[in-house]
Amino acid sequence: RHAVAIYITLLKEGYILSYEWILFDADETLFDFKMSESHALNQLLTSCSLDANDTEITGCYKRINEELWREFEQGRISSAELRVERFRRFGREQGLSDDAEELSRRYLGSLAEGAFILAGALDICLYLKEHGYKMAIITNGIKEVQFGRIGRSDLKDFFEAVIVSEDTGFQKPQAGIFEHAFRVIQENRKDKMLMIGDSLTSDIQGGNNIGIDTCWYNPNRLPNETAIVPTYEIHDLAEIKDILEKKG
């Protein structure tokens, strides 16, 4: 009884954590990818003598890019193919003579510079570190871009590991990327992990596939029109504190 009483006291005071690992998505969860993308696309279009303020031109690129990322999530295209194919299709539609591989190289170089973090991201990482949680990032994307952006940001020292799909041969929502992450962080207790991300089809479905709890970060309060069910839903990163405090 005495041991149980001590355990309960420690649990209430936060010395025993129900979750021990917080697994974050990167883009649009901690990092403002839209701002990074806008910065890189602006530089690229300007270098191609295209009007970076023309919404038809920028919309054309974003449409092509989104189509290819959906194909990537579905395993129909590799990251190496994606990075060049989007500029091949974009160049074709815009009548560019520039080589697609060269366009990709210039774009990715600019994209890697975009270390913009979302409001509340630094605060929640500080909170988690102060309260003894371990953190890792599991992200789909291109290795040099993700490591470049994270390494330039104020969040660079918070994570025990950064897992990028290109390094693993798998992408969220595939279980393989999570299995790779578990080996890297040397943890296989799934009840000790919480996956947090903004994408139902990537982050939440991925967490569900591997059997860990999930938290859907939904700042715009979008309706969930899928059959994918997260363990939690939040609209502000600060709400993670409430989940952890209630969980113990």
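Nothing fancy with the numbering, it's 1 onward along the sequence.
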**OP:** With salt bridge (Lys or Arg N to Asp or Glu O under 4.0 Å) as the test, would you mind laying out the steps for E66 and K62 before giving the verdict?
**Re:** CA-CA 6 Å; E66 288 170 4; K62 290 176 182 178; over 6 Å; no
For a side chain to side chain contact (heavy atoms under 4.5 Å, CB included) with [X], tell me which candidate from [options] qualifies.
X    : options                : value
Y232 : D242, T214, I240, L194 : L194
F182 : M193, R189, E187       : M193
I204 : I228, I196, D198       : I228

Subject >> Residues E179 and R183 bridged, charged N to O under 4.0 Å >> reply: no
Original post:
Got a salt bridge between E85 and R88, using NZ or NE/NH1/NH2 to carboxylate O under 4.0 Å?
Top reply: yes
Are [X] and [Y] grouped together when hydrophobic residues (ILVMFWY) are joined by side-chain heavy atoms under 4.5 angstrom apart?
X    : Y    : answer
V145 : I177 : no
I77  : I142 : yes
I57  : L41  : yes
F33  : L200 : no
I64  : L111 : yes

I need the minimum non-hydrogen distance between [X] and [Y], along with the two atoms involved.
X    : Y    : result
E28  : K34  : OE2-N, 2.9 Å
R152 : A112 : NH1-O, 2.9 Å
G141 : S165 : N-OG, 3.0 Å
M195 : I138 : CE-O, 4.2 Å
A52  : T46  : CB-OG1, 4.2 Å
N209 : P173 : ND2-O, 2.9 Å

Subject >> Residues S110, L44; criterion side-chain contact (heavy atoms from CB on, under 4.5 Å); working and verdict >> reply: CA-CA 8 Å; S110 296; L44 181 69; over 6 Å; no
Are any of the side-chain heavy atoms of [X] and [Y] separated by less than 4.5 Å?
X    : Y    : result
F158 : I124 : no
E37  : N65  : yes
L244 : Y133 : yes
I185 : K134 : no
Q205 : E73  : no
L50  : L96  : yes
F31  : S153 : yes
D98  : S47  : no

**OP:** Given side-chain contact (heavy atoms from CB on, under 4.5 Å), test F178 with K172 step by step and report yes or no.
**Re:** CA-CA 8 Å; F178 291 91; K172 295 179 293 184; 4.0 Å; yes
Which value, rounded to the nearest 0.5 Å, describes the distance between [X] atom [atom1] and [Y] atom [atom2]?
X    : Y    : atom1 : atom2 : answer
D167 : K143 : CG    : NZ    : 4.0 Å
E144 : R105 : CD    : CZ    : 11.5 Å
W216 : T29  : CH2   : OG1   : 12.0 Å
D27  : I137 : CG    : CD1   : 9.0 Å
L30  : C125 : CG    : SG    : 5.5 Å
E81  : L68  : CD    : CG    : 10.0 Å

Between [X] and [Y], is there a donor-acceptor pair closer than 3.5 Å when you use the side chain of the first and the backbone of the second?
X    : Y    : value
E93  : C60  : no
N220 : L222 : no
E101 : V84  : no
Q74  : E71  : no

Original post:
Do N218 and E233 get their side chains close enough for a donor-acceptor pair, meaning under 3.5 Å?
Top reply: yes
Original post:
Do the ring planes of F159 and F24 sit parallel (below 30°), tilted (30 to 60°) or perpendicular (above 60°)?
Top reply: perpendicular
**OP:** Take H180 and F170 through the test side-chain contact (heavy atoms from CB on, under 4.5 Å) and record every step on the way to the result.
**Re:** CA-CA 9 Å; H180 178 91; F170 301 95; 5.7 Å; no
**OP:** Applying ring pair (Phe, Tyr, Trp, His ring centres under 6.0 Å), run through Y61 and Y107 and close with a yes or a no.
**Re:** CA-CA 12 Å; Y61 170 78; Y107 175 78; 5.6 Å; yes
**OP:** Carefully, step by step, assess Q146 and V162 under the rule side-chain contact (heavy atoms from CB on, under 4.5 Å).
**Re:** CA-CA 9 Å; Q146 299 298 59; V162 176; 5.5 Å; no
